Amino acid sequence: MQILTCPAQLQRLEGILRKSLPLALPVFGAVLNITRGNPGQFEVLVDKWPDFGAVLARPSGEVAWGDTGHCKGRVMGIWVLRGTGGIAVGFVGPRGYWGVLWMDLGVLGAGLGYWAHWEQGFVLAPGVRVGSLQPSHVDLLNDTWPYGGNARSRRYLAEILGRFPHVCLQDGSGQPIAWVLTDHFGTGTHSYTLPEHRRHGHMQVALTVAAQRAQARGFPTFG
């Protein structure tokens, strides 16, 4: 496969994938991250250019089934296959395992119409403010993530916390009570509200702030 490094090619690919939203959203998000400084050090490959039939986003310089130091079982890459009947999206996991996430054989959705769901705004509960997570919170993230609890997941969470945008709601003492993390593909990867702070609408607020910030950076938001 051919690695795309030319900015003009990446911009053209971005435009093509945008027409296949929301199905192409994970690969599209990876391409957006690559063209906006590439904080996750990813690369995008196509089977041929410009009339590609397959595109893969993965960590730079690594085979798709390599051990990237992330947690066991996490996605190593995201691929899109195009055809006359529709589009298929899937993942490449550890040891080269391929899986299909979804397939659409009908008319592809296009654009950002789902954004209207987030435009209604939000109201913070008394004593709650929007803040930021710190590196010292990685253990908390690792303990509360369904795929966490091990050294690899901790390294992965520390990486995305340091490289990608996130939203955190804090209580009056500055302690995190709810958060939304994003990943290499521009998608939410760890959203959580501490049990004692649930049923107060905190996650709706965190997701709304994350969606608004994502749109401001040019990322589409669906919900």
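All of these numbers come straight from a predicted model, not from anything done at the bench.
Expressed to the nearest 0.5 Å, how far CG of D139 lies from CZ of R154 amounts to 4.0 Å. Taken from SG in C168 to CD in Q175, the straight-line distance is 9.5 Å, to the nearest 0.5 Å. Atoms OG1 and CG, from T189 and L161 in turn, are 12.0 Å apart once rounded to the nearest 0.5 Å. Atom CD of Q9 sits about 5.0 Å away from atom CG of L4, to the nearest 0.5 Å. Of the inter-residue distances, the one linking R18 atom CZ with E14 atom CD reads 5.5 Å to the nearest 0.5 angstrom. Distance check: Q2 CD to D47 CG gives 9.5 Å after rounding to the nearest 0.5 Å.
The two residues D51 and K48 come nearest to each other via the heavy atoms O-CE, 2.7 Å. Here the shortest heavy-atom pairing between T144 and L140 reads OG1-O, 2.8 Å. The two residues L207 and S191 have their closest heavy-atom pair at CD2-OG, 4.3 Å. Between G148 and S153, the shortest heavy-atom distance links the atoms CA-OG, 3.3 Å. The minimum heavy-atom distance between R213 and H166, with the atom names listed, is NH1-O, 3.6 Å. Contact between V167 and V209 at its shortest, heavy atoms only, is CG2-CG1, 3.8 Å.
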**Request:** Could you walk me through whether H200 and T193 pass the side-chain hydrogen bond (donor to acceptor under 3.5 Å, both in side chains) test, one step at a time?
**Result:** CA-CA 10 Å; H200 296 287; T193 302; over 6 Å; no
Working for side-chain contact (heavy atoms from CB on, under 4.5 Å), residues L133 and L181: CA-CA 10 Å; L133 291 166; L181 274 66; 3.7 Å; yes
- Task: Check the pair L169 / L124 against side-chain contact (heavy atoms from CB on, under 4.5 Å), numbers first and verdict last.
- Result: CA-CA 9 Å; L169 300 187; L124 286 169; 4.1 Å; yes
* What's the verdict on side-chain contact (heavy atoms from CB on, under 4.5 Å) for R198 and Y192, showing C-alpha distance, side-chain angles and the deciding distance? -> CA-CA 10 Å; R198 292 174 182 172; Y192 190 84; 3.3 Å; yes
Please step through side-chain contact (heavy atoms from CB on, under 4.5 Å) for the pair M203 and V180, ending with a clear verdict. CA-CA 8 Å; M203 184 51 61; V180 177; 3.9 Å; yes
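Ring pair H190/W145 is tilted by interplanar angle, where 30° to 60° counts as tilted. A parallel orientation is assigned to the rings of W49 and F52, their planes being inclined by less than 30° (bins at 30° and 60°).
A salt bridge does not link R155 to E159: none of the charged nitrogens lies less than 4.0 Å from a carboxylate oxygen.
Although no hydrogens or angles enter the test, the distance criterion places a donor-acceptor pair under 3.5 Å between the side chain of Q170 and the main chain of S132. A distance-only check finds a donor-acceptor pair linking the side chain of N142 to the backbone of N150 [under 3.5 Å]. Judged purely by atom type and a 3.5 angstrom limit, S60 uses its side chain to pair as donor or acceptor with the backbone of F42. Judged by distance alone, the side chain of R36 and the main-chain N or O of R217 form a donor-acceptor pair under 3.5 Å.
Proximity of L13 to F28: side-chain heavy atoms (C-beta onward) are nowhere separated by under 4.5 Å.
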